[in-house]
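Okay, so here's the structure we're looking at.
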Amino acid sequence: MRKMKYMLASMMLVSSLAACSGNSETSSEPSEGKASKDEKVTLRMAWWGSQPRHDYTLEIIEMYEEKNPNVKIEPEYASWDDYWTKLAPQAASNELPDIIQMDLSYITQYGNNNTLADLEPFLGKEIDTKDLSQDILDGGKVGDKYYGLNAGVNALAYQYDPELLKKIGMDKVPETWTWEDYEEMGKKAAKAGLFIENGPGTAPDVSFNYYLRTLGKRLYSEDGTTLGYEDDKLFVDFFKRYAEMVKGKEIQAPDASAQVKGLEDDPVVKQQSIGLIQWSNQFIGIQQAANRPLEMVGLPGPDAEKGLFLKPSMLWSVAESSKNKAEAAKFIDFMTNDIEANKLMLGDRGVPGSPKVQEALLPLLTPEQKQVFNYVAWAGENSTVYNGPDPIGAGEVINLLKNLADQIAFEKLTPKEAAKQFRQQAESILAQNKK
């Protein structure tokens, strides 16, 4: 019954946000960059992800081109790190792809640097918004500009192998587990020759921000000009635990994590780690690579519901430099609202924003995909409000934190020394946002 409740809730998740967008008026006026039916159009499209995502996205592109024979879409895809390394010089030279998969950590920076187009003129026109709530639309809003369209709803989760968990004497991770439980599980995992987790050295900003939220704080201040917490003891406590667990071989060391080049190398897939913390939409990819049952649960508490939040898994943006903005927007509409396209995605980019799409997908979902929909529905009932897109400079701050976390793990810096450096350097970066 509980599972059914979550399935039903997942169907209601976005529709419960109910109010349809105020941007849904139609217009007979041609939009900027709109081609005639016979005019040949070439669009470049960029995204990051695993091989399964690349494969189905190429299928969706082919499907779109068959329906729109005048449009040719050139794909540009990469892993997460390589993606942003490639995108930065493209932005600097005003040569961004027409269609860009965008992340919340970068949307403010790219948007405020005038490299992303405001999608507002296309909402309700090239992009059908009648089934999208205002909350979904506002996921990509920075100030008064819509620099991205929410590609799906997402939540953080601890994703684990229940068979490996049995090796430390547990059948499942309880929803009410705490950081103390996490540490105890880590000790048992190390004794069994396993890791409890792959990180947070691989994405310390994600786990640390969650931890701060459980304490009523946040990584960035509301105006994005400073850090969102004042007491560096919070940094020290979080990364002291991390350092001790790396030293105890309870968490994989960052140099080993750096060698993981794809899902097939992931310690969970290779049965070296019981689990990892990552976004709910990433569960499908790791499940496919592992090819065995995995489970999902919320992150440790106390006050886990304060830390957990629903957010856009990623966003679709259009380059300001694009000469075919309207045509690019039409493809984003296809990714958002087309049932057949979403049957290929099956929630990999997050639970779809359209309730109609959600409902159409439910009978097709594998047990693993249903787990994602159910988990997001559960998270919607056990979370607090999302803080909005990261400020300009967030990418630099994230890289800084990753570097410091690595130095802590290698015992080159103490958590206290790293906390001081992080505050000084991060606030120097964020201070540039002051008006």
Side-chain angles (χ1 to χ4, degrees), residues 48-53 78-85 103 105 156-161 164-165 168 173 179 182-183 185-211 219 235 238-290 294 296 299-300 394-415 418 421-422:
W48 73 82
S50 60
Q51 192 60 48
R53 179 178 295 167
S79 65
W80 168 266
D81 290 335
D82 291 343
Y83 182 81
W84 299 106
T85 300
D103 186 75
S105 298
L156 278 174
Y158 179 69
Q159 301 169 19
Y160 66 95
D161 184 332
L164 288 184
L165 192 68
I168 65 170
V173 179
W179 288 111
Y182 172 84
E183 292 179 61
M185 289 166 59
K187 290 181 173 66
K188 291 179 180 178
K191 287 181 180 179
L194 299 167
F195 301 117
I196 187 63
E197 192 204 331
N198 301 3
T202 52
D205 60 296
V206 173
S207 297
F208 184 44
N209 185 48
Y210 164 82
Y211 176 72
L219 185 55
F235 182 108
F238 182 84
F239 284 100
K240 182 181 178 183
R241 177 193 297 115
Y242 169 56
E244 290 173 349
M245 293 183 76
V246 170
K247 187 174 183 179
K249 298 184 178 180
E250 301 157 36
I251 288 177
Q252 186 183 45
D255 54 346
S257 295
Q259 300 303 311
V260 177
K261 299 302 181 184
L263 286 176
E264 66 280 358
D265 295 329
D266 190 280
V268 174
V269 172
K270 296 174 75 172
Q271 296 181 291
Q272 297 168 344
S273 178
I274 292 174
L276 76 168
I277 292 174
Q278 62 178 1
W279 297 103
S280 54
N281 69 298
Q282 294 174 293
F283 181 78
I284 295 171
I286 198 165
Q287 165 66 43
Q288 289 176 343
L294 302 179
M296 275 194 295
L299 272 55
E396 292 179 72
V397 174
I398 290 168
N399 289 335
L400 169 65
L401 186 57
K402 171 68 168 63
N403 180 265
L404 292 172
D406 288 353
Q407 292 188 63
I408 292 170
F410 295 133
E411 298 184 303
K412 293 181 179 179
L413 286 175
T414 66
Q421 287 191 30
F422 182 62

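None of these values were measured; they are calculated from a predicted model.
N198 and P267 make their closest contact through ND2-CD, 3.4 Å (heavy atoms, listed as atom of the first residue, atom of the second, distance). Across all non-hydrogen atoms, the minimal contact from F283 to Q278 is N-NE2, 4.3 Å. Considering all non-hydrogen atoms of both residues, A289 and L263 come closest at CB-CB, 3.8 Å.
To the nearest 0.5 Å, atom CG of residue L294 and atom CD of residue Q288 are 11.0 Å apart. Here the CD1-OG1 distance, from I408 to T414, works out to 7.5 Å after rounding to the nearest 0.5 Å. For the atom pair CD1 (I286) and OG (S50), the distance works out to 10.0 Å, reported to the nearest 0.5 Å. Distance CG/L400 to CZ/F422: 6.0 Å, rounded to 0.5 Å. The distance from the CH2 atom of W48 to the CG atom of D103 is 4.5 Å, given to the nearest 0.5 Å. Of the inter-residue distances, the one linking Y182 atom OH with R241 atom CZ reads 8.0 Å to the nearest 0.5 angstrom.
Taking the side chain as every heavy atom from C-beta outward, Q271 and L164 approach each other to under 4.5 Å. Counting only heavy atoms from C-beta outward, the side chains of V268 and Q159 never approach each other to under 4.5 Å. Using a 4.5 Å heavy-atom threshold, the side chains of R53 and N281 count as touching. In this structure, I274 and V173 have side chains that are not in contact, with every pair of non-hydrogen atoms separated by 4.5 Å or more. Contact annotation: the side chain of M185 approaches that of L165 to within less than 4.5 Å [non-hydrogen atoms, C-beta and beyond].
Applying the side chain to side chain contact (heavy atoms under 4.5 Å, CB included) criterion to K247, with sequence neighbours excluded, gives E411.
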Show which side-chain atoms of residues 186-196 pair as donor or acceptor with protein atoms under 3.5 Å away, not counting sequence neighbours.
none

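Identified under the salt bridge (Lys or Arg N to Asp or Glu O under 4.0 Å) test for residues 262-287, with sequence neighbours left out: none.
Between F235 and F208, the ring planes lie perpendicular to each other; the angle is over 60°, past the 30° to 60° tilted range.
Evaluated for a ring-ring contact (aromatic ring centres under 6.0 Å, His included) with Y211, the options Y242, F239, F238 yield exactly one hit, F238.
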Chi angles and distances behind the side chain to side chain donor-acceptor pair (under 3.5 Å) call for D81, S79 = CA-CA 6 Å; D81 290 335; S79 65; over 6 Å; no
CA sep, side-chain torsions, deciding dist, call: Q407, N403, side chain to side chain donor-acceptor pair (under 3.5 Å) | CA-CA 6 Å; Q407 292 188 63; N403 180 265; 2.6 Å; yes
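Looking only at distances, a side-chain donor or acceptor of N209 sits under 3.5 Å from a matching main-chain atom of L219. Between the side chain of Y210 and the backbone N or O of L156, no donor-acceptor pair lies under 3.5 Å.
Between W80 and Y83, the ring center distance fails the sub-6.0 Å criterion.
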